[in-house]
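Chain identifiers are assigned alphabetically (A, B, ...) following the order of the sequence lines, protein sequences preceding nucleic acid strands; residue numbering begins at 1 within each chain. Because only heavy atoms are used, hydrogens play no part in the values below, and waters and symmetry mates are left out as well, while side chains stay in.
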Amino acid sequence: MFHQVQKRIAASVSAYLQARYGVEGGAALESPKEPRFGELSLVSAFQLARQFRKAPRQIAAEIAAEMPVPEDVASLEIAGGGFLNLRLDRGRYGAALLAGPAAGAAGADREKIIVEHTNINPNKAAHIGHLRNAVLGDTFARMLAAAGRRVETQNYIDNTGVQVADVVAGFHRLERKTPADVARLIADPTVRFDYLCWDLYARVSAHYQGNPEALAWRQEALHAIEAGQGEMAEMAHLVADAIVNCHLRTMLRLGVEYDVLPRESEILHLHFWAAAFELLKQRQAIYFEREGKNAGCWVMPASAFSAAEGEDADKVIVRSNGTVTYVGKDIAYQLWKFGLLGKDFHYRPWMRYPSGRELWVTADQPCGQAAPSFGHGARVYNVIDSRQSYLQDVVAAGLRALGYPEQAERSIHFSYEIVALSPRTCVELGIPISEEDRQRPHVEVSGRKGLGVKADDLIDKLIEKAREEVDSRHREAPGEERRQVAGEIAVGALRYFMLKYTRNAVIAFDLQEALSFEGETGPYVQYAAVRARNILRKLEERGERLPDFSRELDAAAMGRQLAAEDFWQIVLAVSKAGDAVERAIASGEPSHVARYAFQLAQGFNKFYHEYPVLQEADRERRVFLLWLTDYFRRELEQTLAILGIAVPAYM
RNA sequence: GCGCCUGUAGCUCAGUUGGAUAGAGCGUCUGGCUACGAACCAGAAGGCCGGGAGUUCGAAUCUCUCCAGGCGCGCCA
């Protein structure tokens with residue numbers, strides 16, 4: 001609500017400033033530092049001061065005297081050196097809240113926003129780093145949807161890459177297994193296939209270390225996979241599909257779902273690269289190098305994507321042996337996302353989520369079932385860790401060089417820093433670390449060596465810990481119910497932990513800290529929502545009903561109640577949810593919503609402590625307090641839903 | 001060598017397009033359960049915002065410089 005009111009006021013003030021002073025920039029409105037300064041502060045006087053060579057305070061006085069007061073505003077006053085502080089009309093504001101949100105203007109013509117995330121190599125179990133990616137992407141998609149945007153979630157699967165090839169080589173060469181053997185392992189319910197591959201991949205990598213000639217295995221597997229024939233190709237298919245299912249199951253534990261799985265195999269078989277290659281050559285975005293170290297390659301000049309010059313910085317797109325690099329394929333894929341490639345995949349259903357949502361996968365031929373329209377995004381967010389920013393720059397440069405500057409601008413590298421481990425957590429997990437690492441704030445671990453924390457292990461551990469807490473508080477409740485609650489708390493803790501940091505902060509994952517359910521955590525916020533529900537449930541247990549607020553409270557009553565500074569500040573804070581979401585979208589920073597959720601919970605816990613709602617004797621106040629409780633509940637639930645966090649039945 | 005990111009309380013981190021007296025959690029210390037169940041609340045201590053210079057009415061925020069740390073710069077993905 002606050003967001004809409006602020007927009008209305010800004011429009012009104014901007015119109016005045018434009019007419020009176022001819023300024024184009026709009027009204028400089030911000031939230032004052034302290035509540036006593038009102039709800040909004042206009043600082044335009046400072047900016048105008050220079051231009052008109054007058055004291056800021058004098059200009060503020062002019063504005064205060066001449067500007068028509070916007071209808072949401074009750075009063076305005078000059079403060080400090082030239083601030084113009086606005087106070088909202090509390091009764092009007094409260095009445096608007098009672099009336100509920102205005103219907104959103106959602107239309108089918110809304111442009112589509114694509115969020116691509118997760119993108120885990122399908123050759124081993126997911127680890128905590130992947131969880132940060134998935135939770136960031138999933139939450140951002142939820143934020144966009146909550147704000148009325150049309151969103152499509154993609155999870156790209158590199159099922160023909162080196163990492164899959166290495167595991168196939170491991171099965172074939174180290175384990176001497178046939179595709180049938182691998183299929184049996186996958187079907188065996190006692191085998192955790194993704195864990196098995198995790199270890200096998202580490203063994204293969206170690207073997208390469210000691211026996212460099214064994215790298216030929218990788219080439220052998222890659223060729224087989226690319227040709228799409230033979231036992232190894234078959235095995236690669238089995239492994240990748242099975243691991244994708246493992247990943248989907250892991251992610252679903254956190255409530256993460258996708259719309260479509262674009263796969264590298266189809267990009268290959270449907271010759272996406274050939275189409276992109278033609279475009280790149282036609283538009284002269286790349287050129288054939290005849291001499292120097294890149295002789296025989298098609299390269300993109302460094303000037304296209306960085307400040308550096310010279311052939312050293314040029315990026316090879318097609319190798320001298322004619323094969324395309326990863327970046328080249330990524331340019332083709334990125335073109336498809338914007339609907340610029342002139343080609344599309346075929347699709348078939350992969351699975352249906354319990355929620356009812358259908359997940360599709362790309363296919364190289366029609367399956368006979370009508371699929372939704374995928375791709376054709378107006379804006380694309382690629383959730384990829386910050387170490388790949390150089391490559392993302394090259395991809396965007398490719399779009400620009402092809403004559404698509406707007407798309408390059410809207411091709412957003414949604415980068416984030418890695419998840420490292422705290423030294424003490426390494427020790428706890430039995431990961432060997434050097435003396436030097438022990439002194440550092442965090443230690444990066446290697447998936448190649450099989451070190452690190454598997455996502456499912458972490459989730460299991462969190463559930464176990466949550467279960468202990470639940471059991472100690474609710475011995476009487478049915479076991480199945482307690483299991484459910486513990487699961488929701490565990491997921492709440494994990495998702496919040498991944499979201500509370502800004503994207504470019506390195507998370508030093510500390511088991512103890514992540515397992516904590518106190519302070520700035522998901523469970524703290526969940527607890528506030530549960531407490532709000534408890535009050536309302538208690539009311540019904542006492543044989544009462546929730547009043548019809550819009551009938552029992554009018555603008556005058558709201559005005560009377562909101563005259564109390566305490567209540568006004570609470571209502572104001574609760575009404576800023578939409579503001580937090582918009583800020584998070586504009587800055588691409590989901591942590592804003594996480595932090596807002598925490599503030600909201602803090603506000604509620606304080607309210608809960610100070611005002612025994614059900615004991616209130618004054619009738620109007622009691623109805624108001626019940627309304628406020630219900631309002632808190634709604635916003636807490638909605639904000640948690642955006643974060644992908646459930647509200648447990650009890651805590 | 002070049003490029004990007006980071007440096008804020010003992011620790012981990014916030015800090016809106018530059019705005020009024022720099023915030024939170026953890027940890028430490030002191031209080032508060034009579035069930036709207038304390039996974040909570042109240043209070044205290046704790047800061048030359050890495051150093052320096054500049055821009056201006058105003059800088060944690062912008063510019064330059066130095067210091068410290070991280071990451072990237074493959075015909076790997």
Checking all strands, does [X] fall into the base, sugar-phosphate, or nothing category for heavy-atom contacts under 4.0 angstrom?
X	answer
A:L536	nothing
A:D510	nothing
A:A505	sugar-phosphate
A:V525	nothing
A:A580	nothing
A:S386	nothing
A:V318	nothing
A:Y326	base
A:L391	base

Tabulate atom names and distances for all N/O pairs under 3.5 angstrom spanning the protein and nucleotides 17-22 of chain B.
residue, atom, partner, partner atom, Å
B:U17, O4, A:E30, OE1, 3.4
B:A20, N6, A:S41, OG, 2.8
B:A20, N6, A:N85, OD1, 2.7
B:A20, N1, A:N85, ND2, 3.3
B:U21, O4, A:R36, NH2, 2.8

Hey, is the side chain of [X] poking within less than 4.0 Å of OP1 or OP2 on [N], counting only N and O atoms?
X	N	value
A:Y501	B:U6	no
A:N121	B:A77	no
A:Q615	B:C36	yes
A:R531	B:A38	yes
A:N534	B:C36	no
A:R503	B:C5	no
A:R473	B:A39	yes

Please measure how far the [atom1] atom in [N] lies from the corresponding atom in [M], and state the result in whole Å.
N	M	atom1	result
B:A20	B:G58	C1'	10 Å
B:C4	B:C64	P	10 Å
B:G25	B:G46	C1'	14 Å
B:U16	B:G43	P	26 Å
B:U34	B:U28	C1'	31 Å
B:A53	B:A59	C1'	14 Å
B:A22	B:G32	C1'	30 Å
B:G70	B:C33	C1'	47 Å

Using ring centroids (six-membered ring only for Trp), state whether A:F83 and A:F37 fall under 6.0 Å.
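Ring-ring flag for A:F37/A:F83: false, centres at least 6.0 Å apart.
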Are A:Y527 and A:Y650 close enough that their ring centers fall under 6.0 Å?
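No: the rings miss the under 6.0 Å criterion.
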Closest to the [X] side chain: [options]?
X	options	value
A:I489	B:G15, B:U16, B:A39	B:A39
A:C297	B:A39, B:C5, B:C75	B:C75
A:D158	B:A39, B:A77, B:U6	B:A77

For A:Q569, look at atom CD and say whether over 12 heavy atoms of other residues, nucleotides or ligands are found less than 6.0 Å away.
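Check passes, neighbour count above 12.
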A:N123 side-chain N/O to A:Q163 backbone N/O, donor-acceptor pair under 3.5 Å
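Yes, the answer is positive, given that a donor and an acceptor are paired below the 3.5 Å cut-off.
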Let's test this: given Watson-Crick or G-U wobble pairing with both distances under 3.5 Å, identify the partner of [N].
N	answer
B:U61	none
B:C4	B:G70
B:U17	none
B:A9	none
B:C76	none

Verify the distance criterion only: is there a donor paired with an acceptor across the side chains of [X] and [Y] at less than 3.5 Å?
X	Y	result
A:D314	A:Y287	yes
A:H247	A:T118	no
A:Q388	A:Y390	no
A:K576	A:Q599	no
A:R503	A:S591	no

Mind telling me whether A:Y611 and A:F607 have parallel, tilted or perpendicular rings, with 30° and 60° as the class edges?
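Ring orientation of A:F607 relative to A:Y611: tilted.
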Closest-nucleotide ordering on RNA chain B, the 5'-leading residue of A:E518 and A:Y390:
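Between the two, 5'-proximity favours A:E518.
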Start at the 5' end of RNA chain B and walk down; is the nucleotide closest to A:S31 or to A:G161 reached first?
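Taking each residue's closest nucleotide, the earlier one in sequence belongs to A:S31.
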Do A:S320 and B:C75 share a donor-acceptor pair, side chain to base, under 3.5 Å?
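Yes, a donor-acceptor pair under 3.5 Å.
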In whole angstrom, what separates [X]'s [atom1] from [N]'s [atom2]?
X	N	atom1	atom2	answer
A:Y608	B:C33	OH	C1'	11 Å
A:Y333	B:A77	OH	P	17 Å
A:R387	B:G74	CZ	P	16 Å
A:D314	B:G74	CG	C1'	13 Å
A:E513	B:C13	CD	P	8 Å
A:Q526	B:G37	CD	C1'	17 Å
A:K315	B:G74	NZ	P	6 Å
A:E520	B:C40	CD	P	13 Å

Give a yes or no on whether a salt bridge exists between [X] and [Y], defined as a side-chain N under 4.0 angstrom from a carboxylate O.
X	Y	result
A:D471	A:R475	no
A:R87	A:E77	yes
A:E417	A:R387	no
A:R36	A:E34	yes

Look for any protein N or O under 3.5 Å of an N or O in nucleotides 42-44 of chain B and output each such pair with its distance, or none.
none

